[in-house]
Structure formats: C-alpha cells, structure tokens
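Step one of this worksheet: look at the structure below.
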Amino acid sequence: MDDVTSTWLRHLPKAELHLHIEGTLEPDLMLTLAERNKIAIPYSSMDEIKAAYQFENLQSFLDIYYQGASVLKTEQDFYDLTWRYLLHAEQDGIVHTELFFDPQTHTDRGISFDTVIHGIHAALQEGQRKLRISSRLILCFLRHLPEAAAFETLKQAKSYKHWITAVGLDSSEAGHPPSKFEAVFKQARHQGYLTVAHAGEEGPASYMWEAIQLLKVKRIDHGVRCTEDPKLIQFLKETQLPLAMCPLSNVKLRVFDSLADHPIKTLLHQGLCVTVSSDDPAYFGGYLHQNLVETADALSLTSSDLIQLCRNSIQASFLTPSEKQHWLQRLSLATTAFQ
Ligand code: HPA
Ligand code: ZN
C-alpha cells in the first residue's frame, strides 16, 4: 500500500471490537513490570521475548500469553497497560474501542478483581477525556476452566456492572464448546449484559451455531470457519450478525498459512458484516492499522472495501444508534474528501 493510501486509511474513523487488553503487553513493558514487581520471567531481553513468539497453534500462544500476564500486579500496572494501548489506538484512527479483559487470569494468581478493573477503567476514562476515544469493557470467561468458575467471576463483577457492557468467552476453543457455558451466559443476560463469544477460530462452525442459539451472542469473535457451512453464511448475511475477525492473529496461530488464504474479502463481498481487529497485537505483530494494511495488500482490497470495513466496525459496535450515526457521517465525510 502506498503512503498516501495508508495515511488516508489511518485517519478514517473506525472502531476496534476484538482486543484482549492482556494481549497488548509489549516486551519492553513486560520487562519493566517484571522488575518493578520482582516477578521472575524466563526472558532477560526484548530480543529473547520476541524470539519466543513463534506459535504452532492457539494453545502454544496461550501458554506464553498467560505467563506474560503474570507481571501484571497493581492497579497502576493495569492502568499503564491500558493507557499504552489507547495511545496506539489513537495513532490508528480508532475512535471507539471495545476491549476484553480476562479476570480469571489474574484472580487465579491472587490479584483481586477490583485491582484489575479499577486500573483498566481509570485509563479508559482518561482515554475518553484526553484522546476522545470512547470505550466499552467486555468481561471474558476462560473456557478451559469450569462453568462454576465463570459463575464466581460473574458474582465478583456484580458491583461493577455499570462499567461492563458484555460478557465474552475466550481461551482454548477445541473441546470447550459454547454449550459448556449456557447457564452462566443466561444468568449474565438476565443481569443485563450483552454477550459475545470466540467461536470458529480453531473450533468448528457448529460452535458458532451454539454461540448464536445457546449464548445468544450479538457478535462472534473470529468466526472464520463459517466458510464450512453455507447455511451459516446465509444466516450471517441475513441477520448481519457481525464477525470480529483478526487476520494477523489467524496467520500467527496458523489458522491460515498466509493472509492470501484469509476468507475476509470473500465474506465481505458476500455481504456479511465482517470487521477487522487486532486481537493480541503485542504478540501477533501489529495493531489495527497494520492488520488493515497487510490484509489489503495480500487480498487486493480496494478503497471501497476498506471503507466498508470501517463502516462495519462502527455498525457492529455497542455504541448507541445516535453515536453510530455520528461516526458513520464522519466516516462518510472523510471518504468523500478523498475520492
Ligand atoms: N483466541 C482465544 N483466546 C484468546 C485469544 C484468541 O485469539 N487471544 C487471547 N485469548
Ligand atoms: Zn481473541
């Protein structure tokens, strides 16, 4: 992509919908926090950390990702992590972000739910004030753990309900279908949370149906394996249920051999509400803009494809209808200025 197009794309208003805040922990911050908190990690330099980021599949990434998160201890650590992400988001033209946090990754090692959410929330408020980036927070349950542990986490979230928009489902997909969490998602919906879930990343298309029918999700994270089921594609097209895709993640975790094999362009042209996000950018080699640029180059996306991806990101967000209208108008103005 040439510099003029890249700059144009960078400045289009867009939303990020699939971002794990723990996945924005850059190697330099990992080293700083390890030292600050006197936590031993098996790396002594940025180069050693980066060299470890060669993944065979989702699980080989998760093992390293959970170990990395062990340096996060205080409210200030969670604040610093989130603030640094927001500075990246600003660079990429992100006007609204919906980020995941994994409380169980922290509460299981003795860090309180309160510490985690206070640090993240304070940075998000600062992001709204100083960077004009709006945000929503999504609490993810770790699907490799029992449903009882998810119920316990939902209980811990109770006094922070007003800070949390939705619950989601992440971690090891294969062997942990959405049906395992039907009851806790039902309770979360009764309490007023929206729902999303990772499905169809490594797991089959049937997991996407389960997320839709049993967890009543408003959006699916990844969902790339919908291509195996024509009925599902038709359903996604008719309902415009959004898919929050992360192309660089999929290549890093070997879901596809290369970006050229990614189905996002085909699905976009079939009329599905597909979007691009960065997932775990510190581990997968790029934030949102980089995902868009590399995907555009590999699949020859046109400027109107890129505009549609930005439009979809706003449409698929949990913003109010009038907020969506505002950003869609701003997007439209920004694109007519270019053409
Ligand atoms: N998939 C599942 N769980 C995750 C991911 C992902 O891409 N990133 C962080 N946790
Ligand atoms: Zn993810």
Side-chain angles (χ1 to χ4, degrees), residues 1-20 23-24 26 84-99 127 131-135 219 221-224 242-252 256 258-317 319 323-339:
M1 182 179 294
D2 63 64
D3 288 351
V4 174
T5 313
S6 172
T7 304
W8 163 78
L9 176 59
R10 194 181 278 284
H11 290 99
L12 295 184
K14 56 186 81 67
E16 174 138 79
L17 305 177
H18 182 162
L19 181 281
H20 302 263
T24 67
E26 292 285 349
R84 281 180 51 149
Y85 161 66
L86 289 168
L87 293 176
H88 279 287
E90 184 193 30
Q91 291 292 309
D92 285 2
I94 293 170
V95 295
H96 175 72
T97 184
E98 302 193 348
L99 49 92
L131 309 175
R132 299 269 158 241
I133 297 176
S134 57
S135 55
R219 203 159 69 204
D221 297 301
H222 293 298
V224 291
L243 303 180
M245 296 186 158
C246 308
L248 286 178
S249 162
N250 293 152
V251 173
K252 266 287 192 183
F256 300 107
S258 77
L259 281 176
D261 301 320
H262 203 284
I264 190 163
K265 182 180 179 180
T266 308
L267 297 170
L268 182 71
H269 288 186
Q270 285 177 318
L272 274 69
C273 184
V274 291
T275 64
V276 171
S277 291
S278 65
D279 210 6
D280 302 282
Y283 291 88
F284 298 152
Y287 287 77
L288 179 47
H289 181 69
Q290 193 68 22
N291 269 270
L292 286 169
V293 168
E294 291 195 32
T295 306
D297 285 344
L299 298 173
S300 303
L301 297 182
T302 64
S303 56
S304 61
D305 290 334
L306 291 164
I307 293 166
Q308 189 62 40
L309 287 171
C310 292
R311 201 180 283 135
N312 287 353
S313 74
I314 293 164
Q315 203 65 261
S317 74
L319 287 168
E323 288 168 326
K324 287 184 189 179
Q325 200 51 36
H326 167 80
W327 286 119
L328 289 171
Q329 267 167 12
R330 288 285 288 267
L331 177 60
S332 169
L333 281 174
T335 57
T336 45
F338 180 76
Q339 282 162 343

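Bear in mind that the values here come from a model prediction, so they are computed numbers and not experimental data. In this chain, numbering begins with 1 at the start of the sequence shown.
Listed for the Thr295 side chain is no donor-acceptor partner under 3.5 Å among the backbone atoms of Leu292. Under a 3.5 Å cut-off, the side chain of His222 and the backbone N or O of Val224 do not form any donor-acceptor pair. Under a 3.5 Å cut-off, the side chain of His18 and the backbone N or O of Asp279 do not form any donor-acceptor pair. Under a 3.5 Å cut-off, the side chain of Ser6 and the backbone N or O of Asp3 do not form any donor-acceptor pair. Side chain of Lys252 to backbone of Phe284: no donor-acceptor contact under 3.5 angstrom is found. Here the side chain of Asn250 pairs no donor or acceptor atom with the backbone of Phe256 at under 3.5 angstrom.
The shortest heavy-atom contact between Ile133 and Thr97 is CG2-CG2, 4.1 Å. The heavy-atom pair separating Ser258 from Val251 by the smallest distance is C-CG2, 3.7 Å. Annotation for Pro281 and Leu19: closest pair CD-CD2, 3.5 Å, computed over non-hydrogen atoms. Here the closest non-hydrogen pair linking Gln290 and Gly285 is CG-O, 3.9 Å. Pairing each heavy atom of Ala260 with each of Leu299, the nearest pair is O-CD2, 3.5 Å. Minimum heavy-atom separation, Trp8 to Ser303: CH2-CB, 3.6 Å.
Under the side-chain contact (heavy atoms from CB on, under 4.5 Å) rule, Met245 has a single partner from Val276, Val274, Leu309, which is Val274.
A distance of 5.0 Å separates OG of Ser317 from NZ of Lys324, quoted to the nearest 0.5 Å. Atom CZ of residue Arg330 and atom CD1 of residue Ile314 lie 10.0 Å apart, to the nearest 0.5 angstrom. Summarising the geometry, atom CG belonging to Leu288 is positioned 4.5 Å from atom CD1 belonging to Ile94; distances are rounded to the nearest 0.5 Å.
A donor-acceptor contact under 3.5 angstrom links the side chains of Ser134 and His96, judged on distance only. Thr5 and Asp2 share a donor-acceptor pair across their side chains, judged by distance under 3.5 Å alone.
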Passes side-chain contact (heavy atoms from CB on, under 4.5 Å), His20 versus Leu99? Steps please.
-> CA-CA 6 Å; His20 302 263; Leu99 49 92; over 6 Å; no
Are Gln270 and Leu267 close enough, and set up right, to give a side-chain contact (heavy atoms from CB on, under 4.5 Å), and what steps lead you there?
-> CA-CA 5 Å; Gln270 285 177 318; Leu267 297 170; 3.4 Å; yes
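Using a 4.5 Å heavy-atom cutoff, the side chains of Met1 and Leu306 are in contact. Within the 4.5 Å cutoff, side-chain heavy atoms of Asn312 are placed close to those of Leu268. Counting heavy atoms from C-beta on, the side chains of Pro247 and Glu294 never come closer than 4.5 Å. In this structure, the side chains of Leu259 and Leu248 come closer than 4.5 Å at one or more pairs of heavy atoms.
In this view, Arg311 and Ile307, Gln308, Leu328, Leu331 satisfy the side-chain contact (heavy atoms from CB on, under 4.5 Å) rule, not counting sequence neighbours.
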Show me the donor-acceptor pairs within less than 3.5 Å that the side chains of residues 10-17 make with the rest of the protein, sequence neighbours left out.
from: Arg10; atom 1: NH1; to: Gln91; atom 2: O; distance (Å): 3.1
from: Arg10; atom 1: NH1; to: Asp92; atom 2: OD1; distance (Å): 3.1
from: His11; atom 1: ND1; to: Thr7; atom 2: O; distance (Å): 2.8
from: Lys14; atom 1: NZ; to: Leu9; atom 2: O; distance (Å): 2.9
from: Lys14; atom 1: NZ; to: Arg10; atom 2: O; distance (Å): 3.1
from: Lys14; atom 1: NZ; to: Leu12; atom 2: O; distance (Å): 2.8
from: Lys14; atom 1: NZ; to: Asp92; atom 2: O; distance (Å): 2.7
from: Glu16; atom 1: OE1; to: Tyr85; atom 2: OH; distance (Å): 2.7
from: Glu16; atom 1: OE1; to: Ser278; atom 2: OG; distance (Å): 3.4
from: Glu16; atom 1: OE2; to: Ser278; atom 2: N; distance (Å): 2.8
from: Glu16; atom 1: OE2; to: Ser278; atom 2: OG; distance (Å): 3.0

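Between Glu98 and Arg219, at least one side-chain nitrogen of the basic residue sits less than 4.0 Å from a carboxylate oxygen of the acidic one, meeting the salt-bridge criterion.
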